[in-house]
Amino acid sequence: MSNGRTYDKYVSRGNIFLEIRHLMKGYDSMTIDEILHRDIEIGNYMDILSRAMNGNTPDNIFVYGQTGIGKSMVTKMVTSQLEADAHKYNINVKTAYINCEAVHTNTGVLKRINSRMLPKSILHKTMNSFDAHFLVFCDIINKFDGIPIIIFDEVDKLSNPDILNIFARIKENDFTDKNICIIGVTNDLKFVEKLDSRTRSVLSKSTIVFSPYTAIQLSDILNQRAKIAFRNNCLSEAVIPLCSAFAAQEHGDARKALDLLRVSGEIAEREGVIVVEEIHVRKAKEHLELDEVKEVIRTLPLQTKLVLASCVYCTSEGASKVLTRDIYNTYKRFSYSTGFETLTQRRVTDLLSMLDMFGIIITEIAHKGRYGRTKEISLNMPHDVTLAVLLDDSALTPLKDIALQKKQAECSLQAFSTI
DNA sequence: CCTCCACAGGAAGCGCAGGAGT
DNA sequence: ACTCCTGCGCTTCCTGTGGAGG
């Protein structure tokens, strides 16, 4: 017996992609020669790092640029190429790559560097402080016969950037007998300004700025990947230029462009067609934008979710715009029924401003004369989507009953009005 | 023209949590 | 294991706002 819930309908699918992984995030199994439109940046990088080929430590480098424009990929490529080329001339270059988003405390960073520089590095169990790890690090560097390079990707995420100063002055302060080359990668253009002047002067000896990709450059990158990711004749002519144009509008982000192309293909595949068309790109754009906001909502703190739930509740009561007062009254009810502490109205206005900043709600100051100044608030997201994401949080489960009761009330009201 | 409403939002300070130092 | 430091979330207190209504 079949109830229609079988996998049969999926059999005919899979006609579009050849190897989807070439469009996936983090896919970088290319060679340095295959990287497109980063010739200037790669050239600058190689000029600075080339000193290592004569056995000298290169200057520290700071790399800037928006997200998705190839900073990390190029950095990894040029340093691994340097390791390989130096090896041919019996020069030892060793690179430790640290993503400061994943490891941001000083001790954590040192631990990671030590394990990269010397995988078998050991630390006495009773010693777990920064100093202990630092001593191990100095020991590794002193015994290492070559040029150490440490890459701090997303360096602005370091909880204490002073650690950069320690590395930069390690020889000057007699901790080791050799210098270290430090590469800091960031998309925060003001990061260097936040550093103290000593750290700044040592670290930003050389600077490489990555410029955003243009729409034409993005087209080239997409074409390069599409050739290996899609089957022949599966993309209509307009698809790649449109993906590139959309991504170019958003700071020339290649990651966005690739996502757009991949999701367009997935949507087309789901629809059971064999050619990706312009309409699929537009649907993919909407889908990705909605996904981004949904992710923001999912990661909001609980109190902010409660405030947002109040906005959803109030604006679904027929009024497209509601006032701060209404939101706050509903919020008080919600916080009571979920058992959370009730924040002050002052704090709630801050949370509303934050939701406005995220683009989840729209707020407008309304001067109502004698009736005071307030904010008019409307939801900038579909009600059902927002509610579904909010109710995914188990802490907000009690609100499910309120939403259900409301829905029932609306149905009975509708039934009443149709009589 | 002045008053008043109902907040918005800045400033200062408190308490807590997590990381660093000892 | 303890203390210190720092950042963050939050509160309280306060001033500013601009148009309706007297």
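Bear in mind that the values here come from a model prediction, so they are computed numbers and not experimental data. Because only heavy atoms are used, hydrogens play no part in the values below, and waters and symmetry mates are left out as well, while side chains stay in. Proteins get letters first, then strands, A, B, ... in listed order; numbering begins at 1 in each.
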Show each protein N/O and nucleotides 9-13 of chain B N/O combination with a separation under 3.5 Å, one pair to a line.
residue	atom	partner	partner atom	Å
dG9(B)	OP2	Lys375(A)	NZ	2.9
dG9(B)	N7	Arg346(A)	NE	3.2
dG10(B)	N7	Arg346(A)	NH2	2.8
dG10(B)	O6	Arg346(A)	NE	2.8

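Between the C1' atom of dA6(B) and the OH atom of Tyr328(A) lies a distance of 14 Å, rounded to the nearest Å. Atom CG of Asp356(A) is separated from atom P of dA8(B) by 12 Å (rounded to the nearest Å). Atom pair Leu351(A):CG and dA8(B):P shows a separation of 12 Å (rounding to whole Å applied). Rounding to whole angstrom units, CZ of residue Arg325(A) and P of dA6(B) are separated by 7 Å. When the P atom of dG21(B) is taken as reference, atom CZ of Phe134(A) falls 12 Å away, rounded to whole Å. Atom pair Lys368(A):NZ and dA8(B):P shows a separation of 12 Å (rounding to whole Å applied).
The closest side-chain donor-acceptor pair between Thr330(A) and Ser310(A), if any, does not fall under 3.5 angstrom. If you check the side chains of Thr363(A) and Asp356(A), you find a donor sitting under 3.5 Å from an acceptor. At a cut-off of 3.5 Å, with distance as the only test, no side-chain donor of Ser244(A) or Tyr213(A) sits close to an acceptor on the other residue. Side-chain N/O atoms of Thr315(A) and His383(A) include a donor and acceptor closer than 3.5 Å.
With respect to the salt-bridge test (charged N to carboxylate O, under 4.0 angstrom), the residues Glu41(A) and Lys71(A) do not qualify. A salt bridge links Asp139(A) with Lys143(A): at least one charged nitrogen is closer than 4.0 Å to a carboxylate oxygen.
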Begin with the C-alpha distance, continue with both residues' side-chain angles, and end with the deciding distance and a verdict on ring-ring contact (aromatic ring centres under 6.0 Å, His included) for Phe210(A) and Tyr64(A).
-> CA-CA 6 Å; Phe210(A) 276 60; Tyr64(A) 301 101; over 10 Å; no
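Partner of Ile208(A) under the side-chain contact (heavy atoms from CB on, under 4.5 Å) criterion, chosen from Ile42(A), Thr75(A), Asn44(A): Asn44(A).
Comparing Leu352(A) and Arg370(A), the nucleotide of DNA chain B nearest to each residue sits closer to the 5' end for Arg370(A).
On the nucleic acid side, DNA chain C contacts chain A at distances under 4.0 Å to non-hydrogen atoms, with the end points of that region at dG9(C) to dG21(C).
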